[in-house]
Amino acid sequence: MGLTKYSTEHYWQLREKIRERLFSHLNPAQLEAVKTGKGPVLCLAGAGSGKTMAMVYRILHLYLFGAEYQRQVKPPFDLTDDDIELMEAWLQDAKEGRITGLPQRMVALFCRNGVEPRRILAITFTNKAAQEMKNRLEQLLGETMHGMWVMTFHAACLRILRREIAVLDYGKDFSIYDAADQLQVVRNIVKEMDLDEKKYSPRMFLSIISRFKCELKNTEKAAREAQGDYIMEKAATIYAEYCRRLKQNNAMDFDDLLMKTVLLFQNNPDILAKYQERFQYILVDEYQDTNHVQYILVKLLAARHQNLCVVGDDDQSIYAFRQADIRNILDFERDYPQTKVIKLEQNYRSTGCILAAANEVISCNKARKAKALWTEKGQGELLTIYEANDEHDEARFVCERINALLDNGENYRDCAVLMRTNAQSRVLEEWFMKRGLPYVIVGGHKFYERMEIKDIMAYLRVLANPQESVGLRRIINVPRRGIGEATLQRVEEYGEAKGMVLFEALWQYEEIGLSTRASKGIIGFLELMEGFREAVGKMTVTGLTEKILSETGYVESLRSEKGADSQSRLENLQEFLSVTKEYDEQAEEPTLQEFLGRTSLVTELDGYEDEANAVVMMTMHMAKGLEFPNVFIVGMEEGVFPHARSLLEEKELEEERRLCYVALTRAKERVFLVHARQRNLYGRMNHSGPSRFLEEIPEDLWKEYMVKDDFFKTTMSTSGRMGVNGGNSMLFSVGDKVEHKKWGQGVVVSAKGEGTDVELTIAFPSQGIKKLLTKYAPLKKI
DNA sequence: ATCGAGCCAATTTTT
DNA sequence: TTGGCTCGAT
């Protein structure tokens, strides 16, 4: 061991060469973002400018080479000739274009002069982004960076809160309420206050409450500021009651996770200091989307070391309605005077025409940081604008152009249809089905929002946290066990009077004096729950879930229901069980609590990519961060896009314009913009002119598409063919031979229903006749 | 307790 | 036009 042939100087030279080589494919701006490890960095990353790559490489650089690269006096003590040879060989390979990952040994040597992973915190908004970052780092390193936190704001806060639960006035098994749970609580309050639900919608109050929390307003402050404004006074009252109930339920909503973490830090300087010391290097993705709490949270954590790198694009801020505050990014330099501003303006995604159009549109906004994307790509094709007769003609046009693209060698999955609102998808879907074009809708209703999933989750939640009444209320009579609304009201009233939560009050069923039937139901329920309670901790989450599903009779009651609906619910439950199984197997120390925490912070978006080859339809909001060779933007009319609700306020209009910018910059090769002369909205025919955004695109960047074919060819024909999209995006017609995952081969006997909910009747020779929803069933055409 | 008719409102939604 | 929700009849 020890060095023989080589000088220490040689080691440092090699290391430097390797470092240069590793980052050699980055452009100068990206490189600067990567190498500026110390101090505040504002990285303005335009659309398609290689932002994720810059972040990933920045972390890699910190890990391997530290924040301030410098030659050390001594090489690692255990450096050997073999190591030197390894480094030389790697360099040789790299020169010949064979960079794959880094050899373990090299990583091990280098990282001794780097930043410890546990000092790094990388925050994203979505699980998907966090996962992607982790994956790419893993790919480069061939190992995971243990101790580093790469996660969403909410996940990070949840972890901190659970760790610091001791100083929090909360039980350690607190539940996390999602939007539906929140709404339920507000609705109950509004009802009890005898407010007219029509005039004072719970939704509105909920959004005001969310704003209070995001602005870190406590109930007193909210009440003080509300004085004189009737609605706000009511809102403040509801806010106070809402907080009280969540507290009583030992529950937090999404906003609480952030707000309580900030409060925790503000009230406990020692705890804050601990995390400041731990996270010496902080990265924040999509900084333009941060709201006030998130802003403060980051500010607190970064205050000590100021090694804060935020990445974002003010032009892509499209979540103001979720309290995202664009000032956070616009004023970053003011907040951190030492800031180094780095602009990533080279775009690697779109053609010149697309980029020019996007630049022109966004330049109409006033509140923005000046920047101009450029590309080395050629001009590419002109954008296409089509004036459709109506929404059907619009959909027809999209189908037709996609078919043309297909003849051109493009794939379905290379095409995306972007719209302003979800409702616009209906007509498009109809036409896609008729034309036999496979498509997927991204977004829409989510797995964890399905009734059966919410039910089983509610059981699990209540078992983890019996104080939790919203979940309890949900499942107490599911499946039916004769505990009706009237009974519940009485139990609740009793509980309220005695200061008990619902679950405690239930135990007092004798005191309350209920009907025999109700009592029997409650006893049955309590006995069941007792059985489950004993199983918590002794069984795996999967085991517990199965126990609940069978002993409550949930599965049985679904089975006895006929129809495709209950069938798909059973399948969803099966899917849920595979989620629990995966968790049980993969988690280091599986617990019910952790499982719940994890799943409540998960959404669907995390992986539509695996889907089959199909056209992707989604809202423009959902498209952020994605890219497609061909992008269709439909509904380019005043009132639709920009949306009618945004026309009054300049601010909102600018947000719509940013949305347009986001939509345009999704495209790599081609953009098709469609507006309709008339459109059926809410059952009424509407005539609106072309979107102002169309007028903002210079004429030399687009061409108008003219109809060549006969109008009658474009009207919908009612053929017997009934197509459907599916998880697999397949189309089925009567007579098709199909293969089902479980039941094997069969023949489609009939198809009925509309939209995505087409129910197929399929004859399986071995299993008999089954009714299935294509949407959910694991079916394949053969 | 449960189901169906009728009424009303109607963006976007990373967690 | 749709879907979500309330209220009234079984």
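Order of the sequence lines fixes the chain letters, A, B, ..., with proteins taken first and strands second; residue numbering starts at 1 for each chain.
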Under 3.5 Å, which protein N or O atoms sit close to an N or O of nucleotides 8-10 of chain C? Give each pair with its distance.
none

A:Thr619 side chain near B:dT13 phosphate (N/O to OP1/OP2, under 4.0 Å): yes
A:Thr421 side-chain proximity, nearest of B:dT12, B:dT15, B:dA1: B:dT12
C:dT2 phosphate, OP1 or OP2, under 4.0 Å from A:Arg426 side-chain N/O: yes
side-chain hydrogen bond (donor to acceptor under 3.5 Å, both in side chains) involving A:Glu391 - partner list, sequence neighbours excluded: none
Pairs touching residues 644-653 of chain A that satisfy salt bridge (charged side-chain N to carboxylate O under 4.0 Å, His left out), sequence neighbours left out: none
Listed partners of A:Asp253 passing side-chain hydrogen bond (donor to acceptor under 3.5 Å, both in side chains), at least two apart: A:Gln182, A:Lys213, A:Tyr242
Check: A:Asn365/A:Tyr661 side-chain N/O donor and acceptor closer than 3.5 Å: no
Sugar-phosphate only, base, or nothing, as touched by A:Phe153 at under 4.0 Å among non-hydrogen atoms: nothing
Closest to the A:Phe254 side chain, choosing from B:dT11, B:dT15, B:dA1: B:dT15
Selection from B:dT15, B:dT13, B:dA1 that lies nearest to any side-chain heavy atom of A:Thr126: B:dT15
Integer angstrom distance from the C1' of C:dC5 to that of B:dT12: 23 Å
Spatial distance of atom CG (A:Leu258) from atom SG (A:Cys214) [nearest 0.5 Å]: 7.0 Å
Protein-to-nucleotide contact annotation, 5' to 3' order, nucleotides 2-7 of chain B [B base; S sugar-phosphate only; - none; under 4.0 Å, heavy atom]: SS----
Pairwise ring-ring contact (aromatic ring centres under 6.0 Å, His included) hits with a residue in residues 640-659 of chain A, at least two apart: A:Phe641-A:Phe693
Residue-phosphate contact under 4.0 Å: A:Asn127 side-chain N/O, B:dT15 OP1/OP2: yes
